[in-house]
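In what follows, a single structure is set out as structure tokens and then discussed.
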Amino acid sequence: MQALQATRARTLPTEWWRSAVIYQIYPRSFADSNGDGIGDLGGVRAHLDHLEALGVDAVWFNPWYASPQADAGYDVADYRAIDPVFGTLAEAEELIREAHERGIRIIVDVVPNHCSDAHPWFVEALRTGPGSAARDLFCFRPGRGANGELPPNDWQSIFGGPAWTRTSNPDGSPGEWYLHLFAAEQPDLNWENPKVREEFEDVLRFWFDRGADGVRIDSAALLMKDPALTDFDPADPPFPHPYTDRDEVHAVYRSWRAIADSYPEPRALIGEVWLPDAERFAAYLRPDELHTAFNFAFLGCAWEPDALRRVIDETMAVHAPVDAPPTWVLSNHDVPRHVTRYGRADTSFNLEYRQLGAPTDQSLGLRRARAAILLTLALPGSAYLYQGEELGLDEVEDIPEVLRQDPMFHRTQGENLGRDGCRVPMPWSGQVPPFDFSPADASREPWLPQPRAWRDRTVEAQTGDPDSMLELYRRALACRRGEPTLGDGPFAWLPAPESVLAFSRGPQGRFVCVVNLSDRAIELPVAGAVLLSSGPLDGALLPPDTAAWVSTR
Ligand code: GLC
Ligand code: CA
């Protein structure tokens, strides 16, 4: 154990974020230690073995802060406290220490665009009324119309419905409106106000001082708003956009970078930046801004050879000039699980076109997901795994309406099924729900129901089964750890038959990844030893929707 830890410490250089495999924990759904049906920090601490056996370098936690949970914790009431449903600050500190002991780094989620309507700042803003200093921390405006009965502009919430909610004055009369790009319980902060900036700089230091190795920055491109707050046509937005990717936001991240760099072991900044324009995206990764950002172009890409090749090329072309390592992501807590996506007729994804309920071929999806993880882990840079993908979990599409929690579902009157289906609690062991997500004497059912079919997908059921998804992930991560050319570093496409992706890694190109996206079995385009394949080879042939790692040494 000691020796293993020493190896791990050695293999994690200071710029660990350039090559790390980062596991995303959605705390509500990872493991419930006290039987209330909701995952918690005790549950994470009890399952650190799973992360170590998987072989990940770091964990990113979705928000664990004090919150009314109107948007599953992305409505933060206190950025320095752990929500009692998850545990205590002392437990979080213990968890960070225990993870570090196992060579696993910790990334916390920072939510700067908005807070909760229960945050003391917002409570104070409502109490003090129009024109107060407390209101200037948010975006309050009088309404339009004769009596201010119309919202200040026509902006729509990203979750559906208007982006404004009217307040009552302290005397009870109808008052000003406030901006919320997400749910009404998530008032947008005013980043023109220096107090907002100081507060978040202090929040960063708070978590860095407690050992967090990095932060994931929520909705990172949305912070700054056009003070004119003018109407616009979302189908044809003006440039600069009134609230997305405004140039002023970069100054915020420059100041955050200075804080991250001030630590003896610099902390990493990871942006949630959804932008269609690749160059605008790369601007966030300039050397004095964020270290990395999620690659949503790859996440949304169809399982098609030309589209994948294009997105890989574009990703690398965009990152090279700013010398930032690319990231590779297949799933997260906001998108339908990729096992389900890859089994559909249209395997692409975008935020407007979630295709929930579209028919899917589960075994095709699983087969492609196996090939996709070998592709993902062989590409240059860091990779993100979303909890449950190592078990091959699928999107749960039949959650009864009364149990659905996502504000996206409720604010669109159910037109958009929302994101609950990828947030269903993890199955650990046993034959029936809750699959040891909660202890045997639990007082509540899991907060979302688990499919009975998951009895074949528990950690227990898959452990030791060489054909399981879990063992594939474990082998792939062990192989990646032992293969210094993986992670950040040289990459080159190799000649390959049509609909086949083949590339080499490392200066000598001795490590080769081949992905067969054609509909026939192919000969491997290089000679060498097969280190790992996502499914059995057919003699010497690589079957369709199968990937292989080959050593040409
Ligand atoms: C990000 C999060 C998402 C959340 C939203 C509002 O997109 O990933 O889950 O609902 O921000 O904070
Ligand atoms: Ca619990």
Side-chain angles (χ1 to χ4, degrees), residues 24-47 60-65 67-77 79 82-88 91 107-117 119 157-160 163 179-189 215-223 243-244 270-275 293-294 296 299 329 331-336 351 354 384 386 405-412 416 418-423 425-426 434 436-439 441-448:
Q24 177 188 352
I25 288 191
Y26 195 73
R28 288 184 86 72
S29 301
F30 190 70
D32 165 28
S33 68
N34 65 351
D36 64 357
I38 300 176
D40 47 49
L41 300 191
V44 177
R45 292 175 65 195
H47 286 287
W60 149 39
F61 286 94
N62 285 104
W64 54 17
Y65 315 109
S67 161
Q69 308 286 334
D71 181 23
Y74 281 99
D75 48 320
V76 181
Y79 291 85
I82 301 292
D83 196 283
V85 83
F86 297 138
T88 63
E91 271 180 290
I107 295 163
V108 299
D109 211 315
V110 168
V111 190
N113 180 68
H114 44 266
C115 61
S116 163
D117 61 351
H119 191 289
S157 152
I158 292 162
F159 288 160
L179 177 69
H180 51 86
L181 290 181
F182 294 93
E185 297 87 347
Q186 293 167 295
D188 278 52
L189 289 155
V215 290
R216 177 263 188 193
I217 305 160
D218 187 66
S219 305
L222 302 184
L223 274 45
Y243 60 75
T244 302
I270 301 145
E272 188 208 13
V273 183
W274 298 83
L275 289 181
F294 297 104
F296 294 120
L299 183 155
V329 194
S331 276
N332 68 27
H333 66 294
D334 290 328
V335 307
L351 284 177
R354 309 178 73 84
Y384 286 83
Y386 175 47
Q405 316 252 340
D406 187 358
M408 198 177 248
F409 173 77
H410 295 290
R411 288 185 63 91
T412 60
N416 186 328
R419 303 162 295 176
D420 291 316
C422 65
R423 300 175 174 180
M426 287 270 283
D436 289 329
F437 167 72
S438 297
D441 59 354
S443 57
R444 305 282 298 269
E445 313 248 292
W447 70 283
L448 287 173

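Note that ligands are numbered from 1 as they come in the structure, with each ligand's atoms numbered from 1 the same way. For clarity, every value in this text was computed on a predicted model and none was experimentally measured.
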Closest heavy-atom pair, Val76 versus Val111, reported as atoms and distance to 0.1 Å, is CG2-CG2, 4.1 Å
Could you grab the protein N, O or S atoms closer than 3.0 Å to the Ca ion (ligand 2) for me? Asp32 OD1, Asn34 OD1, Asp36 OD1, Ile38 O, Asp40 OD2
Against Asp75, only a single residue in Pro63, Cys115, Ser67 fulfils side-chain contact (heavy atoms from CB on, under 4.5 Å); can you say which? Ser67
List the closest protein heavy-atom neighbour of atom 8 (O) of ligand 1: residue, atom name, distance to the nearest 0.1 Å. Asp334 OD2, 2.5 Å
Numbered atoms and elements of ligand 1 in range of Arg419, under 4.0 angstrom, heavy atoms: 3 (C), 4 (C), 9 (O), 10 (O)
So which protein heavy atom does atom 4 (C) of ligand 1 come closest to, and at what separation? Asp71 OD2, 3.4 Å
Arg423 side chain to His333 main-chain N or O, any donor-acceptor pair under 3.5 Å? yes
Ring centres of Phe294 and Tyr384 under 6.0 Å apart? yes
How close does the nearest protein non-hydrogen atom get to atom 5 (C) of ligand 1, and which residue and atom is it? Phe182 CE2, 3.7 Å
Under 4.0 Å from ligand 1, counting heavy atoms only, is it the side chain of Arg423, its backbone, both or neither? side chain
Below 4.0 angstrom from a heavy atom of His114, which ligand 1 atoms are there? Numbered from 1 as shown, please. 6 (C), 12 (O)
Closest non-hydrogen atom pair, Asn34 against Pro439: C-CG, 4.3 Å
For Ser219, the ligand 1 atoms with a heavy-atom partner under 4.0 Å come out as 1 (C), 11 (O)
Can a non-hydrogen atom of Phe159 be found less than 4.0 Å from any atom of ligand 1? yes
Please check if atom CD in Glu91 has more than 12 non-hydrogen atoms from other residues, nucleotides or ligands closer than 6.0 Å. yes
Of the backbone atoms (N, CA, C, O) and the side-chain heavy atoms from C-beta on, which set of Arg216 has a member under 4.0 Å from an atom of ligand 1: side chain, backbone, both, or neither? side chain
Rounded to the nearest 0.5 Å, how far does CD1 of Ile38 lie from OG of Ser33? 11.5 Å
When distances are taken from atom 2 (C) of ligand 1, the protein heavy atom at minimum range is Asp218 OD1, 3.1 Å
Measure the distance from atom 7 (O) of ligand 1 to every protein heavy atom, then report the residue, atom name and distance (to 0.1 Å) of the closest one. Glu272 OE2, 2.8 Å
Phe409/Arg419 under side chain to side chain contact (heavy atoms under 4.5 Å, CB included): CA gap, chis, key distance, verdict: CA-CA 8 Å; Phe409 173 77; Arg419 303 162 295 176; over 6 Å; no
Ligand-residue contact atoms, ligand 1 with His333, heavy atoms, under 4.0 Å: 2 (C), 3 (C), 8 (O), 9 (O)
In terms of heavy-atom contacts, Asp109 and Asp218 come closest through OD1-CB, 3.9 Å
Nearest 0.5 angstrom please: Asn332 CG to Gln24 CD, how far? 5.5 Å
In terms of relative ring orientation, are His47 and Phe30 parallel, tilted or perpendicular, with 30° and 60° separating the classes? perpendicular
Quick one: closest heavy-atom pair of Gln405 and Asp420, and the distance? N-OD2, 2.8 Å
